[in-house]
Amino acid sequence: MNNDERQFEDFARGIKFDDNPNAEHRDELEQDLLRVLTKQPRHKQHPLKIWRIIMKSNMTKLATAAVIIVAVVLTVTILDRTVTPAWAIEDTIKALDQFSGIYLSGVFGVPIEKISRGEDLVLKDGENMSVEFWMQANEERTRSENFRIEAGDGTVWSVCNSMTYKYDPKNNTVRVQSGRSIESSIWPCGDYLSKVQEFMQDWQVMYGKDAVTGRDCAFITLSNPSQGQSWWLEIDLETNLPVRAKGWHNTRREGTPSMNFQRIIFFEKLPDDIFEFEIPEGATVIEE
Amino acid sequence: MVMIGGTCKLERVIHVDSDSKAADDGQLIAQARNDPAAFVQLYRRHYDAVFRYCVHRLFERQTAQDVTSAVFLSVVENFSRFRGGEQQFRNWLYKITTNAVNSHLRQAARRNVLLKRAYEQVNNQNSTDVSAEKLALLREAVLTLRPRYQTIITLRFFENLKLTEIAEVLGCGAGTVRSQLARALAKLRKVLATEFTEKSEVIENEQ
């Protein structure tokens with residue numbers, strides 16, 4: 001410690017800071033955090049007069065890509081049955097049949113040439129965006145029914161009870177549309193698995209432990225040359241469900257993944273209030 | 001009130017929630033990814049340290065509470081991207097808190113308000129409380145520094161982080177931190193010239 005440091009320390013020694021934490025604030029913040037973590041019920045909105053607009057968007061494509069990645073994982077587990085008997089596909093399918101809700105969170109860095117520009121979400125080349133999805137399957141489990149996506153730039157799209165809400169944080173506007181203008185058009189149920197087996201080529205399986213939880217996992221790499229895509233997937237060997245996944249827009253898994261899901265969680269059923277949309281204070285509502 | 005002081009090193013007081021002692025942070029961090037209850041436990045374990053760091057940077061309890069709230073909401077939002085163990089988590093928290101505090105301070109209006117209050121406290125100082133006077137002087141002096149220098153001073157002298165730990169928080173090398181610490185102290189020396197001189201004289205006389 002040099003002279004300046006010693007002098008400053010001498011000066012600061014004995015200074016009284018009123019820095020005792022406020023228990024009330026700590027408890028209030030804890031409740032706020034719990035609400036965020038568990039997505040407590042939001043305020044109900046007044047019904048709005050709307051009309052239907054069908055649109056295709058990047059968000060829709062991203063959502064479909066997210067579900068495809070999950071579906072591919074499950075297909076891999078089928079193919080791997082003969083290689084690793086401990087990997088019980090029956091258990092996987094059985095487990096999967098108990099779930100009709102999925103939560104995914106991750107980062108998208110979508111090359112601009114791969115996904116056309118949409119009017120609502122534009123990712124510039126090399127730009128990353130954190131994205132969270134909540135999806136609830138329809139009764140037939142053939143597609144998503146309720147849907148919510150929150151992007152890192154504050155964009156929120158939500159489909160609830162056949163109403164679509166799109167919040168644009170830049171303009172502080174909410175567009176309200178009738179019907180489901182966002183959905184995942186597939187669902188990773190057992191029936192779907194056989195249809196996507198053809199996606200996979202050049203797959204390899206390695207075993208190890210999850211870097212965060214230390215749980216036993218299978219790490220799978222595979223590619224789909226016809227689409228120019230490749231994936232890295234992590235499956236929890238205890239639950240037989242995918243927990244992480246990455247995707248590239250090349251067949252060699254080179255460079256930064258264009259999709260990097262670090263959390264994939266299955267739910268028996270997601271609470272309905274997750275999909276309810278609360279119009280932010282001061283936002284302009286545009287009925288379409 | 002908490003006295004920050006000590007014979008050799010400024011003392012950092014950290015309250016650890018008793019319920020949180022059972023599991024170590026590494027295990028908690030893993031559990032917290034999927035379990036809100038585990039996340040809350042992690043939050044309880046680190047709330048006090050984050051709040052105190054905010055107070056030591058901002059010198060205002062209410063503002064410190066606001067920034068602490070923003071920090072933990074940001075932690076929730078970004079937790080899925082965090083990788084690492086206990087030490088990394090602590091440094092990550094300091095990094096987020098530093099960014100939040102600096103962001104707050106960079107808004108000139110707020111900074112000016114803080115400075116104005118600091119000057120008022122110094123000029124209206126009728127108290128014989130030496131500590132309060134010193135605190136006001138410290139606040140006045142530190143808030144004139146660039147946010148990065150403020151960060152280094154606070155982390156070094158009030159949070160007792162090592163240079164290598166500060167380097168990790170700031171995302172630079174320990175050598176850079178050392179040189180910036182020297183520059184920050186040189187600036188403080190100018191502002192606190194009288195205090196430093198008096199101290200030096202006392203030390204010399206004692207010797």
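Chain letters run A, B, ... following the sequence lines, proteins first and then strands; every chain starts at 1.
No hydrogens or angles considered: a donor-acceptor pair under 3.5 Å links the side chains of B:Ser74 and B:Asn78.
Within the 4.5 angstrom heavy-atom criterion, no atom of A:Glu28 approaches chain B. If you measure heavy-atom distances from A:Asp210 to chain B, you find no contacts under 4.5 Å at all. Using a 4.5 Å cut-off between heavy atoms, A:Ile265 touches chain B through its side chain atoms alone. Heavy atoms of B:Phe72 lying under 4.5 Å from chain A belong to its backbone as well as its side chain.
The aromatic rings of A:Trp232 and A:Phe219 lie parallel to each other, their planes meeting at an angle below 30°, with 60° marking the opposite boundary.
Here A:Pro280 pairs with A:Tyr167, A:Asn172, A:Val174, A:Phe277, A:Ala283 under the side chain to side chain contact (heavy atoms under 4.5 Å, CB included) rule; sequence neighbours left out. A:Ser105 is linked by a side chain to side chain contact (heavy atoms under 4.5 Å, CB included) to A:Tyr103, A:Glu132, A:Arg263, B:Ser80, counting only residues two or more places apart in sequence or in another chain.
Geometrically, B:Arg183 does not engage B:Tyr149 in a cation-pi contact defined by less than 6.0 Å to the ring centre and at most 45° from the axis.
In terms of non-hydrogen atom pairs under 4.5 Å with chain A, the most contact-rich of B:Phe51, B:Tyr43, B:Phe39 is B:Tyr43.
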